[in-house]
Number of protein chains: 2
Amino acid sequence: MTYSIKDVAEIFNLSIYTIRFYDKEGLLPFVSRNKAGRRVFTESDLYLIRTICCLKDTGMEIKAIRNYVDFVMQGADTIDPRKSLLLEHRAKILRDIENLTQNLNQVDSKLEIYASPKAADIVKEQIRFVEEEKRANGLPSPYAAQK
Amino acid sequence: MTYSIKDVAEIFNLSIYTIRFYDKEGLLPFVSRNKAGRRVFTESDLYLIRTICCLKDTGMEIKAIRNYVDFVMQGADTIDPRKSLLLEHRAKILRDIENLTQNLNQVDSKLEIYASPKAADIVKEQIRFVEEEKRANGLPSPYAAQK
DNA sequence: CTAATACCTAGAGTTATATCGAGGTCAAGC
DNA sequence: GCTTGACCTCGATATAACTCTAGGTATTAG
């Protein structure tokens with residue numbers, strides 16, 4: 001069982017363009033061609049592409065992914081560098097999750113205000129505060145500036 | 001107490017260029033200028049910029065952030081649209097966290113293999129499998145292709 | 001045999017987000 | 001009064017990651 005570029009595009013929800021672009025960028029050196037020059041994907045290819053998508057979806061740059069793929073293509077001697085590359089990336093993912101979680105809290109705080117029955121009052125009070133602060137510093141109100 | 005663009009850049013770890021860029025993009029309509037035409041930031045300005053950074057750091061596009069800022073500048077009448085904008089964004093953040101967490105698991109699975117004492121054997125077996133599959137489909141081995 | 005279809009390459013174009021350079025203004029210190 | 005430093009605008013440039021166009025080839029259905 002093999003797959004065409006279209007199959008792969010559908011499986012991974014990528015455009016055909018993107019797959020060819022990844023190939024151009026050296027992310028798919030393992031994909032073979034038939035006599036007509038078309039890409040032929042095997043199950044093992046899909047397995048590695050799944051990893052590539054995982055790295056991409058967690059924000060790894062294409063250059064870094066190519067690094068990883070190159071290690072994979074060099075065989076069992078590159079296990080150590082692969083490991084440290086993934087460990088570093090793992091740390092980045094953890095930082096990203098941590099960061100998103102913190103920002104989620106901030107969004108939730110704002111939503112709490114907006115959901116409160118006193119929302120309008122709170123907002124009006126904030127506006128008063130902003131205008132007072134601007135005035136105290138000899139600056140124009142920003143609200144008037146809106147058309 | 002007011003802040004210069006340099007102060008703000010340091011506080012939020014943005015470049016001065018980026019702050020001017022955000023202003024150009026309509027993200028900072030509330031920032032006033034002094035007679036010399038320089039931006040003067042107040043505490044309230046910092047408060048809103050903090051929100052802008054929160055939205056930016058969670059992947060909201062600048063256009064969408066401008067939407068939110070515009071609502072804020074229109075006063076208490078826009079609480080409902082602000083709320084739904086943030087609710088939608090909150091859902092996106094949750095999806096992103098979920099996605100990162102899943103991909104983290106995948107990375108951890110790979111790391112488990114690489115950390116195992118049998119890592120080399122496992123990898124060699126995978127290579128054999130790939131080569132067998134390629135051969136079965138009349139395709140060349142991708143490992144030979146590496147220079 | 002011919003037309004449709006799915007694929008190919010090379011290179012141009014797009015988008016979002018920044019970053020920079022040139023040339024100018026203003027306030028402070030010497 | 002002159003220099004320095006921090007700021008300004010406008011428009012060009014950069015970068016990553018696609019996305020598309022033009023022109024061409026192999027396979028398949030009628």
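Chain identifiers are assigned alphabetically (A, B, ...) following the order of the sequence lines, protein sequences preceding nucleic acid strands; residue numbering begins at 1 within each chain.
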In the 5' to 3' direction, the nucleotides of DNA chain C bounding the stretch that comes under 4.0 Å of a heavy atom in chain B are C:dA16 to C:dC26
Provide the closest heavy-atom pair for [X] versus [Y] in the form atom of the first, atom of the second, distance.
X        : Y        : result
A:Leu100 : B:Asp57  : CD2-O, 4.3 Å
A:Ser32  : B:Pro140 : OG-O, 3.5 Å
A:Lys92  : A:Gly59  : CE-O, 3.9 Å
A:Val40  : A:Val31  : O-CG1, 3.8 Å

Without decimals, in angstroms, what is the distance between [X] [atom1] and [N] [atom2]?
X       : N      : atom1 : atom2 : answer
A:Asp23 : D:dT19 : CG    : C1'   : 16 Å
B:Phe21 : D:dA14 : CZ    : P     : 17 Å
B:Arg33 : D:dC7  : CZ    : P     : 12 Å
A:Tyr22 : D:dA17 : OH    : P     : 8 Å
A:Asn13 : D:dC18 : CG    : C1'   : 15 Å

Got a list of protein N/O to nucleotides 21-29 of chain D N/O distances below 3.5 Å?
{"residue": "D:dA26", "atom": "N3", "partner": "A:Arg38", "partner atom": "NH2", "Å": "3.4"}

Assert: residue with more 5' nearest nucleotide on DNA chain C, out of A:Asp7 and B:Met60, is A:Asp7
*So do B:Tyr114 and B:Ile122 actually touch side chain to side chain, heavy atoms under 4.5 Å?*
no
Requested in this report: Using a heavy-atom cut-off of under 4.0 Å over every strand shown, decide if B:Glu25 touches base, sugar-phosphate, or nothing.
Outcome: nothing
Taking atom types as modelled, find out whether A:Tyr143 and B:Gln74 have a side-chain donor-acceptor pair closer than 3.5 angstrom.
no
Quiz item: At under 4.0 Å, does any side-chain N or O of B:Ser4 touch on OP1 or OP2 of D:dC7?
Solution: yes
- Task: For B:Arg128 and B:Glu131, run salt bridge (Lys or Arg N to Asp or Glu O under 4.0 Å): C-alpha distance rounded to whole Å, both residues' side-chain angles, the deciding distance at 0.1 Å, then the answer.
- Result: CA-CA 5 Å; B:Arg128 266 192 294 279; B:Glu131 296 202 307; over 6 Å; no
query = Does one hydrophobic cluster hold both A:Met60 and A:Ile49, with members joined at side-chain heavy-atom distances below 4.5 Å?
reply = yes
The salt bridge (charged side-chain N to carboxylate O under 4.0 Å, His left out) partners of A:Arg82 (sequence neighbours excluded) come to none
- Message: Is it the case that D:dG11 (base atoms only) and B:Lys24 (side chain only) share a donor and an acceptor within less than 3.5 Å, ignoring hydrogens and angles?
- Response: yes
